[in-house]
Amino acid sequence: MQRLGIEHLSVSGLSPIEHVHLAADLGCDCISILLYGEDESHSPYNVLRHDRALRADMLAVMRDRSVSISMGEGCLVSPGVDMRDFASNMDVMRDLGAEQLNTMSLDPDQGRALDQFAIFAEMAAERGMTSTIEFCPALPVNSLD
């Protein structure tokens with residue numbers, strides 16, 4: 001099955017429910033969402049972290065519009081942060097039906113980053129989700145190698 005989705009970065013400023021409607025209106029069957037840590041409350045998606053009624057509404061809209069969450073993002077590996085701090089974000093993404101979780105590293109310490117990637121993968125698996133690691137040339141983990 002070939003899937004087409006709209007990533008959260010493409011719809012900056014839309015509410016999560018508006019994101020679902022836009023995806024469905026454009027013929028897409030999935031989206032990605034981004035949950036930040038506690039101090040990043042300006043994101044429209046962060047409301048999902050604390051508002052159970054909104055999560056229930058979003059689940060209903062996703063069901064009605066045949067849109068799912070293919071990827072949850074926002075669990076960043078960075079110096080001084082333990083991946084376990086993202087447990088509640090992962091739980092929200094699981095409750096919304098996210099299929100996989102993505103991470104990337106901003107930590108220049110490769111050993112510490114690898115340890116955090118392992119914790120991340122274990123936590124995703126415990127929640128029934130697969131995990132992915134994103135890399136790009138500008139980041140400390142900048143290649144598949």
Side-chain angles (χ1 to χ4, degrees), residues 1-109 112-136 138-142 144:
M1 169 174 79
Q2 198 168 29
R3 301 182 71 189
L4 182 63
I6 299 178
E7 186 175 73
H8 59 88
L9 289 173
S10 300
V11 295
S12 179
L14 286 185
S15 74
I17 289 177
E18 291 171 324
H19 186 178
V20 172
H21 283 301
L22 177 64
D25 291 347
L26 295 175
C28 300
D29 63 355
C30 59
I31 62 171
S32 73
I33 65 170
L34 172 67
L35 299 178
Y36 289 104
E38 290 290 342
D39 60 340
E40 300 285 346
S41 60
H42 62 276
S43 167
Y45 289 91
N46 261 11
V47 177
L48 290 169
R49 298 177 73 239
H50 306 290
D51 190 335
R52 291 179 191 270
L54 178 60
R55 289 198 303 262
D57 290 346
M58 186 161 173
L59 283 167
V61 170
M62 288 191 308
R63 182 181 54 252
D64 292 346
R65 300 298 313 263
S66 299
V67 172
S68 63
I69 298 171
S70 60
M71 184 179 302
E73 301 189 67
C75 303
L76 294 175
V77 173
S78 57
V81 174
D82 187 320
M83 191 54 64
R84 292 174 205 66
D85 296 340
F86 294 107
S88 64
N89 285 8
M90 291 178 166
D91 291 341
V92 168
M93 289 188 259
R94 176 205 56 217
D95 293 348
L96 289 170
E99 300 164 17
Q100 62 186 350
L101 297 174
N102 183 56
T103 190
M104 61 176 48
S105 178
L106 304 176
D107 192 339
D109 183 325
R112 189 171 49 221
L114 291 175
D115 289 344
Q116 291 299 301
F117 286 156
I119 293 167
F120 173 78
E122 289 172 6
M123 291 175 69
E126 289 169 358
R127 289 162 175 78
M129 295 181 279
T130 58
S131 55
T132 63
I133 298 170
E134 185 174 343
F135 55 88
C136 78
L139 297 176
V141 177
N142 57 18
L144 187 56

| said: The test is side-chain contact (heavy atoms from CB on, under 4.5 Å); show your working for H8 and I31 and say whether it passes. | reply: CA-CA 7 Å; H8 59 88; I31 62 171; over 6 Å; no
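- You'll find the side chain of L54 reaches within 4.5 Å of the side chain of I17, heavy atoms only.
- Here the shortest heavy-atom pairing between V81 and F86 reads CG1-CE1, 3.8 Å.
- Inter-residue side-chain proximity for R55 and V92 is flagged as met; some heavy-atom pair is nearer than 4.5 Å.
- Under the 3.5 Å distance criterion, the side-chain polar atoms of H19 are matched with a main-chain donor or acceptor of I6.
- Nearest heavy atom pair, residue V67 against residue C28, reads CG2-O, 3.8 Å.
- Residues M123 and L101 form no side-chain contact, since every pair of their non-hydrogen atoms from C-beta on lies 4.5 Å or further apart.
- In this structure, CG in N102 is found 12.0 Å from CE in M129, a value given to the nearest 0.5 Å.
- Atom OG1 in T103 sits 11.0 Å away from atom CD1 in I119 (nearest 0.5 Å).
- You'll find the side chain of S88 reaches within 4.5 Å of the side chain of R49, heavy atoms only.
- When all heavy atoms are compared, the tightest approach of A124 to S131 is CB-CB, 4.0 Å.
- The two residues P79 and R112 have their closest heavy-atom pair at CB-NH2, 4.1 Å.
- Between L139 and S105, the shortest heavy-atom distance links the atoms CB-O, 3.9 Å.
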| request: Would you sort out whether I33 and M58 count as a side-chain contact (heavy atoms from CB on, under 4.5 Å), showing the intermediate values? | output: CA-CA 12 Å; I33 65 170; M58 186 161 173; 4.3 Å; yes
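- Distance CD/E73 to CE/M104: 7.0 Å, rounded to 0.5 Å.
- Side chains of S68 and R3 form a contact here, defined as non-hydrogen atoms less than 4.5 Å apart.
- Put simply, CD1 on I133 and CG on L114 are 8.0 Å apart, with the number rounded to the nearest 0.5 Å.
- Comment: D91 engages R94 in a salt bridge, judged by a side-chain N to carboxylate O separation of less than 4.0 angstrom.
- Going from atom SG of C75 over to atom CZ of R84 covers 13.5 Å, rounded to the nearest 0.5 Å.
- Here the side chain of Q116 pairs a donor or acceptor atom with the backbone of M83 at under 3.5 angstrom.
- Of the possible donor and acceptor atoms, none in the side chain of S32 sits under 3.5 Å from a partner among the backbone N and O of M71.
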| side-chain contact (heavy atoms from CB on, under 4.5 Å) assessment of E126 paired with M90 | CA-CA 10 Å; E126 289 169 358; M90 291 178 166; over 6 Å; no
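- Between H21 atom NE2 and D64 atom CG the span is 8.5 Å, to the nearest 0.5 Å.
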